[in-house]
Every structure is written in structure tokens, then in C-alpha cells.
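Here is the structure we will look at, set down as C-alpha cells.
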Protein chains: 2
Amino acid sequence: MIDPPVPTPRPERARLIDIAREVGVTKSVVSRVLNDDPTLTVRPETRRRIWAVAQRLGYRAHAGARALAGAETRALALLIPDLGNPVYSRIIRGAYRRAREHGYVVLLAEDTTDDAADEAFPELVEAGRVDGLLIASARPDHQLLASPRLSRVPHVFVNREVPGSGRNVGMDLPAASATAVRHLHALGHRRIGLVSGPEELQPARARAAGFVAAMRELGLDPGGIARGSFDERGGAGAAQELLRGVPDLTALYTSTLGQAVGTLHAVRSLGLRIPDDVSVVAYDDLPLADHLDPPLTTIGMPLLELGAAAVDAVLRQLGGEPPADVVVPTRPVVVERRSTARPAGRQEVAGGEPGPPRSAATGRSRARPRPPR
Amino acid sequence: MIDPPVPTPRPERARLIDIAREVGVTKSVVSRVLNDDPTLTVRPETRRRIWAVAQRLGYRAHAGARALAGAETRALALLIPDLGNPVYSRIIRGAYRRAREHGYVVLLAEDTTDDAADEAFPELVEAGRVDGLLIASARPDHQLLASPRLSRVPHVFVNREVPGSGRNVGMDLPAASATAVRHLHALGHRRIGLVSGPEELQPARARAAGFVAAMRELGLDPGGIARGSFDERGGAGAAQELLRGVPDLTALYTSTLGQAVGTLHAVRSLGLRIPDDVSVVAYDDLPLADHLDPPLTTIGMPLLELGAAAVDAVLRQLGGEPPADVVVPTRPVVVERRSTARPAGRQEVAGGEPGPPRSAATGRSRARPRPPR
DNA sequence: GCCCGGTAGGAAACCGGTTTTCTGATGGAG
DNA sequence: CTCCATCAGAAAACCGGTTTCCTACCGGGC
């Protein structure tokens, strides 16, 4: 016994040549059969046997070898700024699914502000692990945007536009604001405030623009806008500013679900009730909305489609087409829960004019006992 | 002009041979210098120049070529069951960081129940994209667990044990329960209920076992346990069951933050106040806890360390060590917010016996006006 | 003067695919 | 019967690294 049993010397993967040997052809034939090379002519019988053996052996091409041979990696990288934010989980899922339909894998990387971002790009793109790049919610000061290295790889920007890039994949944000405003207007609200986001962020501006346009169109004063960060704290601050500064305010539209959570706090801390005194609508419909108190009326956005569209766009670039901006056509929808109602008249607007009948809320709409005050 | 300008024929990556040519050596020398091959002897001057040129050209080895040449991919895959759950985002972050410290990349894949799971494994492991695998919260019926293909790649189970695998990386769950129980006991609670998870899930059992042990140790009756799924709905159901079935109950400990959200709903829907009538403590400290109403007292777990430990464990396997179970040593801590207080006496327990002074809450611990009753 | 050992690096095989070019056999047309 | 086209597949180069083995040079000891 000179040779002790080695632990794991053989990877034991089936290789092209294993199939070739078993079928009795060369590996080039196997490769071309499995890849449907149209320039190859083989007997149907041989073709069938190759497929059968590949199946039986569980063959899968070595991604590295394939990439090395000049073909594609068949992988895309998706850079996400914050995996703790559930918005992205839907975009990711949409991207995954579409990628799979095209035989691609999506490699996810968190692209936080700190130095980790420096690494994700070189480790994935420059190490040749991926063919293309999806960048979600790029910050305007993202160092990658200025880098010439970025331009050498097909890429798109998802969920936050980079103006002038011609590679933006987005949704109709103004339409989302209009949907929210029109819903509130239909309920009878006239003074509506917008809890907006940081002015330097394009989506914040787009939602604000849509808000202003929709308000004007309905003949309402679009002046009630306050800004804060996209998180709970920002929402609380902006909501407080609006509730204190805008007289007769009966409804708030927030730019993120996080802001909505802060808004709920702010409203209550001022001793007001939701939706009795103030209705609240939030952009983005996520599972959390169901479990807030009260369950939150939201604007549902096509996030799955957004992820899918981003994959489509980058695959088009891989196919040789020039990059182009894309807007997902699906329209925002109102997901009505219990944070919106007709204005009861926080002050003099006590009279109830007729409005559209309230549609059935999602979830159990058990009657909630109202404690006397 | 026979040859029109081709779009992007040259990847324009710097290769080993580019460096070699510029320095005036062969690529084998460059490779060995950059990889610190101890069997190589070179003049310090040559070594220096190689590094300098590599730096200047922004050289990065092609991952595929490296993997093909028998070396490692320097990538690990992390399978996550649900990217919408923020618990995982912390584990992921911990794993990323530790991996980077060792020069590895983490490729993330969502491993949902549906067919997508079938693809993640072959696409990442069998395509040779990764050297090892971290599997988070494997369900006991996960088809991968039975597959012999899994045993051929180094892997660990994170956050949910697979009994007998000898590859579990976990935290001290019983200690978490004990921490919660002791905290509530110190506040004066005597009847404490556990909102537990599905019995077939190992973490649910571990938390329940720790709960029972801690209760017994304090001479309390550990009988108040109800089960539900780990989400909001399960928490609401189990909490309701406990609040209705267990007399004199003054505190609830929930097994997840999601269950806590459901529990808050259930408590309120029975007309009880938090923390005045019922205190609530949740397992897992996440940002959301700060923004619930009231902000939730939680048991903070070492999730970053868990992710890091999982990476360490799989890297040890790559280094040739046999797999072994790991328990992250960091102890759970109480993150006190406003969902816990001394029991006011939901019924006859009205008298206030002295207890330990309330520690300072994280965040603003603004005095909370208690409305008269 | 010769041999020896260390220093500094060269040469080449190999990993597992892809792709282009080439060849042998067959069969039908003329 | 011969020739050419087509069919079916073979052969080999190549991608960019890693790794093992080899070699040329140099100085010193005997």
C-alpha cells in the first residue's frame, strides 16, 4: 500500500470528453450537438445518443472553461445597495426568473456605500465571472459611474435613473403619484401632502413632479411638499412638517414604505387618528403593508416586471443592440387597505359629500371597535 | 477598407502575458510572483517591477482560467430561502465581509421552494462557479439534502441545523430564550407565554427547549407554549391562543420578529395594551423593531458573526479539515425598547414589588405619558 | 580546471470547453 | 465509370491561467 486513498482528488464531474468516449465520437461533436450548432450535420441517432448520455451523466459545462473559450459566462451580476430593503427582493426575483428563462444565472452582490463596492465590480466583472451588469439604485456620486471600466461591459441602471446614460430601466413614477393623488381626490380629499425624498435623487424628483402635475390637473394646490430621507426617520420628519405647516391637510402620500412607517408615527404622536383624521397612502406595495397598524393603502408597482425588463435590456446589449432607456409599461395600481378613508373633516369640512363606494380591502376587514374619546 | 471597425472584439483585459512581456519575463514567473509561490526565486527588483506593472494595468486573474487550471474559484455560494426576510441580510453581510478578508467572493442565490431551487445548485456548484456552499435555513425536506451530489462539495448549514450532518453553524438559541425569560422575570413577570414556531423546524424546538429550561430554573410553569408559522399570521394565531387560554398571562416571547408583529395585532385586538397589560419580547433584533408601535424589546443575536463563522467553517473544509458543528460564542443581549414593562397587574397582581432598576433603553427613551384609566 | 550548489527564470503540459478547418465515405448525376 | 457534392464527424488551435520540471549562469571549493 504505497498509495493511501486520497481524500478528494477527482472532482468527478462529467466532462465533454466522457460523453464523447461513451458515445464514440469526439468532444467537438458533443459540444456542438449540445449547443445546437447549425453548421454541424450529424445523424439524428447520434444526436439522440449524445443527449441521452449527457442527461444520464448529469453533464453541465464548466462555466470557467466555457468563458475561457470565448463564449459567454451566461451569468449576470446584480448590484443591490441594501439587501435589508425588501423592495429589492422583488426586483431580484423578477430578474432571476427572466434570466433563467434565457439560461442565465444572476449573481447578486450588495453594493454598500463603503469599500465593499470597490470590490464587487472587479471581482465579478473584471474577473470575467459575468457577461453583464445590472446596477440597482445607483447613487449619483457612485464612483463606478465615472469609471471608464464600466463602459467596457454591457450594463443597465435599474430603479434609479442615471440621466443621459441611455441605459435606464425604470417604471412610470409620475403615473404612480397621479394614481395616488387621484385615489385620494376621489375619496374627497382636497389638501394632500407629499412626503418626498432627497432632492438629489432622481426617483424622488420624478414622484414629486408627478404629484405636482396630478394635483394641478385636478385643480388642487400642489404646495404641500416636504422632504426627508427615504427611511422611517425621514418620513416622520417630513410628515410632521406637513401636518404642522399645512392647514386643513387630510391626506399624505409617502414616497416609500419606510417613510410611511415614520409617517404613521408622526401622525399619531400629534394625537391624530388614521384614517379618521388623516389618510395615508404609500408608494410600493410590500408584504409589510399588510401588517402595519392600520394596514396601509399602497400604490403597487410592477417590481417583478422591472427586474425582468432589466435582464431583457442587458441581454439585448449582449446581443449587439445599442443600449436604450426602457420604461416598464405596467400601470401602478391602488392596493386599498385601511389607512385611507373619506375625510371626516378634521375641522370645518365635516359634511360628507358623496364619493365612490369603498372597494373591499385586502385581508380581513373586521370591524374595529372605536374607543370613545 | 475591407475591414469595418468591429464593435467590441477585444475584451481589453490585462492578461498575465501582457505583464510578462512588459517586464521581460515569462508568464509563469508573473503568475508565481503574484501568487507568492515559495518555490520560486526571483530578484527583488524583478518582483517589484512585476507588481508595479500588474498594478498599473489593473490586472486581475480571469476567474474561469484560474478555476480551470485546477486552482480554486475563490467564490462561495450562499443559498438564502427568502431575500425578503431582513434576518438574512445581516447574515449575508457578515458572510461577505469575512469572505472578502480571505480573498473570496460570495455569490448569492435565492433558494425558494419552487423549481428555482433545482437550478441554483447545478448552476453554481456543478458549473464550477464556486468552491463551497453555505445553505441558510434548509428545510428538512429540501431535496438537496438527500442528493449525493451535495456531498461532493464542501458545505455548511447556517441558521437551521440539519441533525447529524456535522456541518451546522448556529447560535446559542437556548441561551436566547433564557435571556428573554430572565429579563421578563427580573421585571416581575411570572406567567410568560412562548409564541413558538413549527415543531418540525429545529430552531423552533431549540428555542422552546431553552424556554422550558429557563422557566423551570426560575421555578415558573413553562406550560404556556403555542405554535404557529414563523410569520405574522402564525404569531397572531399563537398569541391569541395564549392570551385566551393562559390565565394571568403578563408577557409573551415570540420566536421571530414577524411573529411579534402578529402578536402586537392580536394583543390589541383583544383590547389589551402593550406594555401596560402585556409585555412582548421578540427574538432577533432588526431595524424594524425600532419602528413598530410600540418599539419592540428584542433579543439581539450575533447575525454578522453567524455569517462570518459559516464562511470560516466552509473555508476550513476547503483547507482539508473535516466538517464540524460550530456554535457562535457571542451571547444574546436584550435590546430594551418600549414593549416591555413591569406587570401592572392585569388582574389581582396589582401590588408593585421592587425589581431591578430599568436599564436605559436604546434610542430616545422619552418619557411615555401613561393615560389615566 | 572541474564540479557543485544555489540563483533566476524558461518551457511546456494541462485544465475543459468552443470553433474553425479538414477529411473520409457515400451517393447521385452525367 | 468518374466526378463532385454532401453528409458525418475528426483534428487541432485556442482561451488565460497554474504548476511541474528543466536549464543557464555564476561563484566558490578542491
Euclidean distance, atom CZ of residue B/Arg66 to atom C1' of C/dC14 [Å, nearest integer]: 17 Å
B/Leu68 side chain, from C-beta outward: closest of C/dG16, D/dT18, D/dA8: C/dG16
Options C/dT19, D/dG17, D/dT20, nucleotide nearest the side-chain atoms of B/Leu16: D/dG17
Atom-pair distance (CZ on B/Arg60; C1' on D/dG16), nearest Å: 16 Å
Sidechain-backbone polar pair: A/His155 side chain, A/Val153 backbone, donor-acceptor under 3.5 Å: yes
A/Asn35 CG - C/dT20 C1' separation (whole Å): 15 Å
Test item: side-chain donor near acceptor, A/Tyr104 and A/Thr73, under 3.5 Å: no
Heavy-atom neighbours of A/Gln55 CD exceed 12 at 6.0 Å: no
Rounded distance (Å) that lies between atom C1' of D/dT20 and atom CZ of B/Arg32: 9 Å
Under 3.5 Å donor-acceptor pair, A/Lys27 side-chain atoms to C/dG17 base atoms: yes
Sugar-phosphate, base or nothing in reach of B/Ala14, heavy atoms under 4.0 Å: sugar-phosphate
Rounded interatomic separation in angstrom, taking CG from B/Leu34 and P from D/dT18: 8 Å
A/Leu34 vs A/Tyr59 side-chain heavy atoms within contact, under 4.5 Å: yes
Whole-Å gap separating C1' (C/dG16) and NE2 (B/His62): 13 Å
B/Arg15 side-chain N/O to D/dG16 phosphate OP1/OP2 under 4.0 Å: yes
Sugar-phosphate only, base, or nothing, as touched by B/Thr39 at under 4.0 Å among non-hydrogen atoms: nothing
Side chain A/Ser28 and base D/dA11 donor-acceptor under 3.5 Å: yes
Residue whose nearest DNA chain C nucleotide is more 5′ - B/Ala65 or B/Arg47: B/Arg47
Contact under 4.0 Å: B/Tyr59 side-chain N or O vs D/dG17 OP1/OP2: yes
Protein-nucleotide distance (B/Ile50, atom CD1; C/dG9, atom C1'), rounded to Å: 10 Å
Phosphate contact (C/dG10 OP1 or OP2) by B/Thr26 side-chain N/O below 4.0 Å: yes
Value in whole Å for how far the C1' atom of C/dA8 lies from CZ of B/Arg49: 13 Å
Nearest listed nucleotide, side chain of B/Arg43, among C/dA12, C/dG9, D/dA10: C/dG9
A/Leu78 versus A/Ala95, closest heavy-atom pair with distance: CD2-CB, 4.1 Å
Under-4.0 Å side-chain N/O to phosphate OP1/OP2 contact, A/Ser31 with C/dT18: yes
